[in-house]
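Since the structure comes first, as structure tokens, the remarks are kept for the end.
Numbering of residues begins at 1 and proceeds along the displayed sequence. Computation of the quantities below employed the complete heavy-atom set of this structure, encompassing side-chain atoms and omitting hydrogens, waters and symmetry-equivalent molecules. Whatever order the structure lists them in is the order used to number ligands and atoms, beginning at 1.
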Amino acid sequence: MVIDSGLQGKVALVTGGGRGIGRAVVEMFARDGVDVLFFFLGNTEAAQQVVAAVTGAGGRCEAVQVDVTDADAVGTAVEQIIDSRGRIDVLVNNAGIVRDNLLGMLDDADIQAVFDTNIGGTFNATRAVARHMISKRSGRIVNLSSVAAGKGGRGQSNYAASKGAIEAFTRAMAVELASRKITVNCVAPGVIETEMSQQVRDLADEQIRARILLRRYGQAEDVAHAVWFLASRFADYITGEVLHVDGGFKME
Ligand code: NDP
């Protein structure tokens, strides 16, 4: 007998779905019969590859170029999805950037860009989508935090602060939206093998691995499984939580 996740036929919006973790989430949802739309910033080739891979495998997928820092653009794109699909059942706030440096070396632009994308983008997409979920009295929101939200890391003050804000935002939204049957949770990855973590892995490969209990980096699919779980009916009774996918990194 097939196990039913409850996701088949649902509509999901994933921000930053063209590469890395977002791509794995898009592909995982599509394999489970979800109609997936994703935002990307500027890497059109990568986005097209995702759409081709998903549709080539018989899934439903559409890429939309939207900068999540632009609230108007996010709002317009969400309304277009509602016009064409009628609803958004799942929102994954995944788009994120890093601009690591020691505090004294961080310029204003590095601080602002990280806040605007990571927490500003999460606000913009959630505000645009949540009102439609509220009217349907159902929905799932999954936000991408990071191990950095709870574990101090040199050169990550801007990034860590943005991810800590996402976790606080998640708890506040869980309270605000619970009565409308919308759950809001976080997934907090450790070091995952994507372009985002390439520089840090190149700089301190052995030292980092030695601090991960499972002694390996995570794969984008490891994170996608957790996102899928929180979006599925198996997580019906979970809200306001942070699910760590870090191989035990936070404990070392
Ligand atoms: P990547 O750098 O591999 O991919 C980031 C994606 O976000 C890209 O598709 C990019 O679009 C998109 N994006 C960036 N800025 C914007 C924007 N302003 N508007 C729309 N889309 C945007 O990142 P990861 O897959 O590694 O990370 C995904 C999430 O997971 C992030 O929130 C990150 O902070 C978090 N995370 C990652 C970890 C890791 O080790 N990789 C660890 C902990 C958390 P485009 O392709 O067009 O450039």
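Ligand 1 lies nowhere less than 4.0 angstrom from a heavy atom belonging to Tyr217. Note on ligand 1: Gly218 sits outside its first shell, no heavy atom being nearer than 4.0 Å. At least one heavy atom of Lys163 lies less than 4.0 angstrom from ligand 1. In this structure, Ala188 has no heavy atom closer than 4.0 Å to ligand 1. Residue contact annotation: Val66 has a non-hydrogen atom under 4.0 Å from ligand 1. Residue contacts with ligand 1 do not include Ala46, since none of its heavy atoms lies under 4.0 Å from the ligand.
Within 6.0 Å of CD in Glu45 there are 12 or fewer heavy atoms belonging to other residues, nucleotides or ligands.
Clustering ILVMFWY residues whenever any of their side-chain heavy atoms sit less than 4.5 angstrom apart, transitively, puts Leu214 in a cluster other than the one holding Leu243.
Every residue meeting the side-chain contact (heavy atoms from CB on, under 4.5 Å) condition with Met28, not counting sequence neighbours, appears here in chain and number order: Arg31, Ala224, His225, Trp228.
Among Val191, Asn124, Ile97, the residue whose heavy atom lies closest to atom 14 (C) of ligand 1 is Ile97. The closest non-hydrogen atom to atom 29 (C) of ligand 1, taken over Ile21, Val68, Asn94, comes from Asn94. Here the shortest heavy-atom distance to atom 8 (C) of ligand 1, taken over Gln65, Arg19, Gln198, belongs to Arg19. Nearest to atom 38 (C) of ligand 1 by heavy-atom distance, out of Ser197, Gly190, Gly16, is Gly190.
In summary, the side chains of Asp116 and Gln112 do present a donor paired with an acceptor at a separation below 3.5 Å, with no hydrogens or angles considered. With 3.5 Å as the limit, one finds a donor-acceptor pair spanning the side chains of Ser5 and Asp32.
The distance criterion of under 3.5 Å between nitrogen or oxygen atoms is not met by Asn118 with respect to ligand 1.
From the protein, the heavy atom lying nearest to atom 24 (P) of ligand 1 is Thr194 OG1, 3.7 Å.
When side chains are defined from C-beta on, Asp100 does not count as touching Gln199, because their heavy atoms never get closer than 4.5 Å.
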